[in-house]
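Proteins get letters first, then strands, A, B, ... in listed order; numbering begins at 1 in each.
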Amino acid sequence: MDDVRRRSFLGTLVAGISAVVGAIMVVPLLRFAAWPMFHGGGGADWFALGPADQFTGETPVRADVEVRKQDGWRVSVAKQTVYVTRAGGTLRVLSAVCTHLGCVVPWDAKAKQFVCPCHKGFYAPDGSRINGPPPRGLDALPTKIENGTLYVKYQYFRQLSAKRDVVG
Amino acid sequence: MSAGGDWLDRRVGWRSLMHEGLDEPLPGKSRWAYVFGSGLLFIFVNQAITGIFLSLYYVPSADHAHTTVAFIQKQVTAGAFIRSLHSYGSSVMVVILLLHLWQTFLYGAYKNGRELVWLFGCALFLLVLGMSFTGYLLPWDQKAYAATAVATNMISEVPLVGSAIKTLLRGGTEMGTLTISRFFALHVFLIPMGIIGAIGVHVLLFRRAGAAGPPVDEATRQKLPVEPFYPRQVFKDFAFGIVLIIVLAAFALWRPTTLGPMANPSDPTYLPRPEWYYVPVFQWLKYWHGPLTVVGVVLIPALLFLLLFALPFIDRSPERRPLKRPIAVGSMLFVFVGLLWLGARSRAEDHQDPSVRAKLQAQDDEERRFAATPFEPEVAGVASATTRKMTDAESKGALLFVSEQCAGCHGPEGKGGAGLFALPSVDAMFPGEKLKAVLRAPNQQMTEGGMEPVALKDPELDAVIAYLRFLTKGR
């Protein structure tokens, strides 16, 4: 009887201590593996588009922005198209990505509107939706003006949704 | 619990498995001397777990390996800790392995039907050395590169097939990205598979032969009290395992393992030094020159390992008491004291030569400096300046940039590099005609940096300027 009790006492002790040490060691492992969940990156950096006062007209001006994004241990650099426009009175930088299925929307200078070549979506010079399958207008990107220079922060938005939803 | 246990037992038979695993009789009762084998298993599990976690971020290629290890070390939460557990774990593994080997040897536990247990133990010894050898290269920093370059060069000393093996191992005549891939495959797939298989056979054969017990004569052995493996020996084994993990964790927290600057194969001044357990071998190599090299580098080590493997077949008397086996114990002691002496000699020689000491110190300082700088991510894709196709003038300038030796000091594409001067944004610094003027007659700061006046004709200089503007736009 004593022997049985001693066996189970030692067994419980071993199991208990191992469980405690194991639980402590699991914490750094989980934090290590879950790192990307808490460091999604702050999105793209601000990109300088140039002097803000060069964009004066109502006609959208096409510009290419360099999107630098933290991607784990590297920084990826991609190019994206935006339009700078003062249509409607406010300075806006619009993402050229169609809110329908993500095609890049060109400006139709003759018709004075954005026309998506994929499924005939139409947008006004200020980006608002006119007609066609897109669920909402072209998305305005966050901007700031510092020392007269216009900066834009490029973002990606969810397609096929009436609500503007930043996805990256 | 019991009903469920019975149900499971009828299907799995776990009770007899537990009985088989835990009630193994230990002649002479449980002992602290027996904990090393289980200790090795603990460390192996530690290596496997931390290794799998490291692989979440590590990339085995010459252009990413160092960045990803720096990322683990400097950026990821608990990265330095987990990498240290893995790296120090390998050292602890070698220590415990030597203790296990010595214990088995002194107890004469390789005798009387346990020859194959010993043989597989020796195979595991080699496999563990293979693990530390292949793992050492993977961070691709200066010391990893230099040490592996030396070690793989040693292999070419093997007669006839040496240089072929070296090329096969390196994936080419020189070390490069293929070397990392190969070492990675060995370190992560091949050798671990071998280790797991060999552990299986080693333990199976050991259980079949039964625990040897203390080194006493056979008559005394028969009369020794017997105790089952569980609970006391299990308790001792676990206690040892937990102490190992705590010691490892304490070291990993207190003094995380380091990472030096990225390997630079073109730096001939770097003084390579191996991991501590290879230092005796490193010292040993210094004594062998010319045609005798093959004897020292290949024959003698091979002979020693052969003797180690063949030990139970050479030393065949059933006598297990160490004091009654003076030749075996004496030779083993001789080899180990020799190795210790070689290690001490190496340390002493490094310490005595002031230039070597200074160089090693400088290398350590550089490593510390690199460790202290924040992580710098790799830039993937190309900046907008270089995505545009170059104009004719710009491409002409690009050729001149190289032929006129601009790239010699400013690096390819003016990006700088170790000891080179990266080009600033020339537009911002020297707008308009100022750039031409300053190239013709560099200012004081540039002259001090070693810049010489550019002696090109106007159209050529214009092409260079066009290229410089193209290059440094956005810098």
>> Only pairs of heavy atoms separated by less than 4.5 Å count here; which of B/Ile242, B/Val234, B/Leu56 has the most with chain A?
In response: B/Ile242
>> Quick check on A/Phe55: does its CZ atom have over 12 non-hydrogen neighbours (other residues, nucleotides or ligands) under 6.0 Å away?
In response: yes
>> For the CZ atom on A/Arg86, are there more than 12 heavy atoms of other groups (residues, nucleotides or ligands in this structure) within a distance under 6.0 Å?
In response: yes
>> Please classify the contact between B/Phe235 and chain A as side chain, backbone, both or neither, with a heavy-atom cut-off of under 4.5 Å.
In response: both
> With side chains defined as the heavy atoms from C-beta onward, is the minimum distance between B/Ile49 and A/Met25 less than 4.5 Å?
Replying inline: no
>> Quick check: closest heavy atoms across A/Val75 and B/Pro377, and the distance to 0.1 Å?
In response: CG2-CG, 3.4 Å
>> Report which part of A/Leu13 has an atom under 4.5 Å of a heavy atom belonging to chain B: side chain, backbone, both, or neither.
In response: side chain
>> Between B/Tyr57 and chain A, with a heavy-atom cut-off of 4.5 Å, which part of the residue counts as in contact: side chain, backbone, both or neither?
In response: both
> With a 4.5 angstrom heavy-atom cut-off, which part of B/Leu54 approaches chain A: side chain, backbone, both or neither?
Replying inline: both
>> Check this for me: A/Phe122, atom CZ, are more than 12 non-hydrogen atoms of other residues, nucleotides or ligands nearer than 6.0 Å?
In response: yes
> Which atoms form the tightest heavy-atom contact between B/Tyr230 and A/Gly11, and what is the distance?
Replying inline: OH-CA, 3.1 Å
>> Less than 4.5 Å to any heavy atom of chain A: does that hold for the side chain of B/Phe53, its backbone, both, or neither?
In response: both
> Any chance NZ of A/Lys144 has more than 12 other-residue heavy atoms, nucleotides or ligands included, within less than 6.0 Å?
Replying inline: yes
> B/Thr77, B/Ile72, B/Ile245, B/Thr67: which one forms the most heavy-atom pairs within less than 4.5 Å of chain A?
Replying inline: B/Thr77
>> For a ring pair (Phe, Tyr, Trp, His ring centres under 6.0 Å) check, start with the C-alpha distance between A/Phe32 and B/Phe81, then their side-chain angles and the critical distance, and finish with the verdict.
In response: CA-CA 9 Å; A/Phe32 180 81; B/Phe81 178 66; over 10 Å; no
>> If I take atom CD1 from residue A/Ile24 and atom CD1 from residue B/Ile246, how far apart are they, to the nearest 0.5 angstrom?
In response: 8.0 Å
> In terms of the angle between their ring planes, are B/Phe71 and A/Trp35 parallel, tilted or perpendicular, with boundaries placed at 30° and 60°?
Replying inline: perpendicular
> Does atom CD of B/Glu20 have more than 12 heavy-atom neighbours, drawn from other residues, nucleotides or ligands, at distances under 6.0 Å?
Replying inline: no
>> Does A/Arg164, at its CZ atom, have more than 12 non-hydrogen atoms belonging to other residues, nucleotides or ligands within less than 6.0 Å?
In response: yes
